[in-house]
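Inspection log for the structure reproduced underneath, given as structure tokens.
Chain naming here is simple, since letters A, B, ... match the order of the sequence lines and numbering starts at 1 in each.
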2 protein chains.
Amino acid sequence: MTSRPSTTPGPGRRQLLLAGTTGVGVLGVGAAAVGLDRSLRDGGAPAASAAPALHGSDTVPFHGEHQAGIETPAPASATLLALDLHEDVDRDGIVRMLRLLTDDAARLTQGRGALADTEPELAAEPASLTVTVGFGPQLMERAERTPPAWLAPLPAYDIDDLEDDLSGGDLLLQIAAEDPLTVSHAARMLLKDARSFAAVRWVQRGFRRSPGTQAPGTTMRNLFGQFDGSANPELGSDHFAHVVWIDEGPFAGGTSMVVRRIRMDLDGWDRADRTAREQATGTRMSDGAPLSGGTESSLADFEQVSDNGFAVIPEFSHLRRARGVDDGEHQEIFRRPYNYDVPPPARSTAVSESGQLFISFQADLAGQFLPIQQRLAELDLLNEWTTPIGSAVFAIPPGCAEGEYLGQSVLE
Amino acid sequence: MTSRPSTTPGPGRRQLLLAGTTGVGVLGVGAAAVGLDRSLRDGGAPAASAAPALHGSDTVPFHGEHQAGIETPAPASATLLALDLHEDVDRDGIVRMLRLLTDDAARLTQGRGALADTEPELAAEPASLTVTVGFGPQLMERAERTPPAWLAPLPAYDIDDLEDDLSGGDLLLQIAAEDPLTVSHAARMLLKDARSFAAVRWVQRGFRRSPGTQAPGTTMRNLFGQFDGSANPELGSDHFAHVVWIDEGPFAGGTSMVVRRIRMDLDGWDRADRTAREQATGTRMSDGAPLSGGTESSLADFEQVSDNGFAVIPEFSHLRRARGVDDGEHQEIFRRPYNYDVPPPARSTAVSESGQLFISFQADLAGQFLPIQQRLAELDLLNEWTTPIGSAVFAIPPGCAEGEYLGQSVLE
């Protein structure tokens, strides 16, 4: 887990923050990056002294108040693994498994090989590796602990077309780093730890922009071309803590995690013109700003009407339905999504099988996430092109100190 | 395609070369990168003036003597698409398809949206995107041209366990860039061009280290932890041209391409200790040097014997069998491999389904590739842990000038 990063105000720099103060000076490098980008766009070659930021040795602290991999900039590559406990695994087995996982996660994230690592060289570039562990309801029951009331599958929504093999799970591992080989190796090492106790239920790999493709702090566009992740709570802010971290009970310092695999109908989207797209999202395709104006980080003005009397941000747009201002209450969640793009079924006429690996964290699943999801499921123009095909909810225990295992405060 | 890069001798700098002289000064940046890496390893923070290389706007020239994507450093992300022509597509259809593909490949690689691009913003960061087109035998026949004699499936080898859905194909598109979103978008745009003419036969995505994870010029380790790509012909050298480019006939300026999907048994590999691994590969795990000594770039000394009289590089090691010095002739190919790591089948006990997307280019398939493959198929200790599950051969036409289409010199 990570210590709280210092706050750096200003749009476009939010994601420059690297949680923790012990890492290399990524903030400074990021700021300099913008300058280099400009010189390249102006046609100038970088000066001979321009040095790219090698980030292979960057680390994110493992131990701490919260688990890592949440209040840290989402790195380029992630693998999410959901495991189902073997039938004979009881409370003791769960604790043994978590000790093994915690120990190896601590090592791997700091650039050391796992305890039984036969390719320790592949651990030498952690590239900001984080490992985040989550519990499904059955793990809590097997561990003889009462699951939180909210730890259950989401309600069935009419928009859903869920596949069992992409949903649920007793244990979640979110393994993420700037480098995909690092992620593959770490995932394999952790699965070796877990395999005596649990079987793979599903594996989902996601990607974001490679480091250096865009200036740090640039919001990712998804495969629709939409900005994705605008107006997220700012990493390191009190507001983030309020939105994300549970503040009492056994999961204090933890959070709830929703994972939804959302298939995107890119062919259908292609048939929508730019105006239709902007009306569906409520934002401008060019810069992600709300249709009411300003920049990507501007607050939406839902009251604004056009000359002919229509709402500038349509009633049924994703932005308005997600924000839910009509309820008088403004729910927020923290989104940390990835893209996916996998081979279409063999010999199919499909040209892509792709979409978003939606990931959100929120302190109060019932009070924050569910109302937003309910509104979007009821009515959201974007639903015409999106279909949730996988869904899972996990309870994320708080971080742990050295010598402890992840989940110890919950299970002991 | 790319103009010939200038030669930069010296080990470890080969991959710094960016073909073409019109791109940004990647060579200089790369050289500086090594310095930064050193300072980070020494524990120092980068100086405030250190600017990471933003590479999103980097481009590789599209037009030229050879196609791009071969004599250029392999970028982090690649998608290989094999298509089968629809039954009614004739010579005219093939030419129309190639014109569309060439036009959009030229645009996308230079950072412009495809002609019918509905998400042109996703094309704005080409991140060294290259698109390489190859022909299977049936495409040549449909285009009423005699395929080269070598353009056929490889001979059946005992080591193979080929899946039809991972083998063959009439048209090959190799789409590669430093950024996976760029690759996804380009692949989709090109498939939209091709879909009226051909259906997807297979899609294979591969990855290498993210830009910045390691210093440019570092040879990639694969999922076995092995150095992969050592002793490759040096980009930009006369030797490279000799090994790779066909020098006469309709494919002059082109080459042959072999794509093999090689499943790696990581569980079995785990049970081999370091000595067994080094005996199997003939190289040191620590630095990729031949067991006869030196560095990764040192020539292997196959004559060297240990104190007890055994060959230091074992007779049946991959290195010795691949080099084939016993034949008195030394064949060479240019390898440009990627890793793959995909979800294992649902509910399986496997912890990984991964391996290598082996890609090689050589002027003379029969004279260079086949003898090596034959030797390795007959005997190679590494075969114990590897299984080819997909295989395809394509003829890569030369590059084209503006106004021409890829393959024009072959098909006209």
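Under the 3.5 Å distance criterion, the side-chain polar atoms of B:S210 are matched with a main-chain donor or acceptor of A:E178.
A salt bridge does not link A:R188 with B:D341: none of the charged nitrogens is closer than 4.0 Å to a carboxylate oxygen. Remark: B:R274 engages A:E121 in a salt bridge, criterion side-chain N to carboxylate O under 4.0 Å.
Your options are A:Q226, A:Q204, A:K192, A:H185, and the one with the most heavy-atom pairs under 4.5 Å with chain B is A:K192. Contact tally against chain B (heavy-atom pairs below 4.5 Å) for A:S354, A:A187, A:P343: the top residue is A:P343.
Residue B:F224 holds its CZ atom at 10.5 Å from OG1 of A:T118, rounded to the nearest 0.5 Å. A:N222 contributes atom CG, which lies 11.5 Å from atom OG of B:S184 (distance to the nearest 0.5 angstrom). To the nearest 0.5 Å, atom CG of residue B:L54 and atom OG1 of residue A:T218 are 8.0 Å apart.
Using a 4.5 Å cut-off between heavy atoms, A:L81 makes no contact with chain B at all. For B:L166, no part lies near chain A; criterion is any non-hydrogen pair under 4.5 Å.
In this structure B:T182 satisfies the side-chain hydrogen bond (donor to acceptor under 3.5 Å, both in side chains) test together with A:R209, B:D179, sequence neighbours excluded.
Closest approach of B:H55 and A:T213 over heavy atoms only: CE1-OG1, 3.1 Å. The shortest heavy-atom contact between B:L181 and A:N339 is CD1-ND2, 3.7 Å. Among all heavy-atom pairs drawn from A:D270 and B:E119, the shortest one is OD1-OE2, 3.5 Å.
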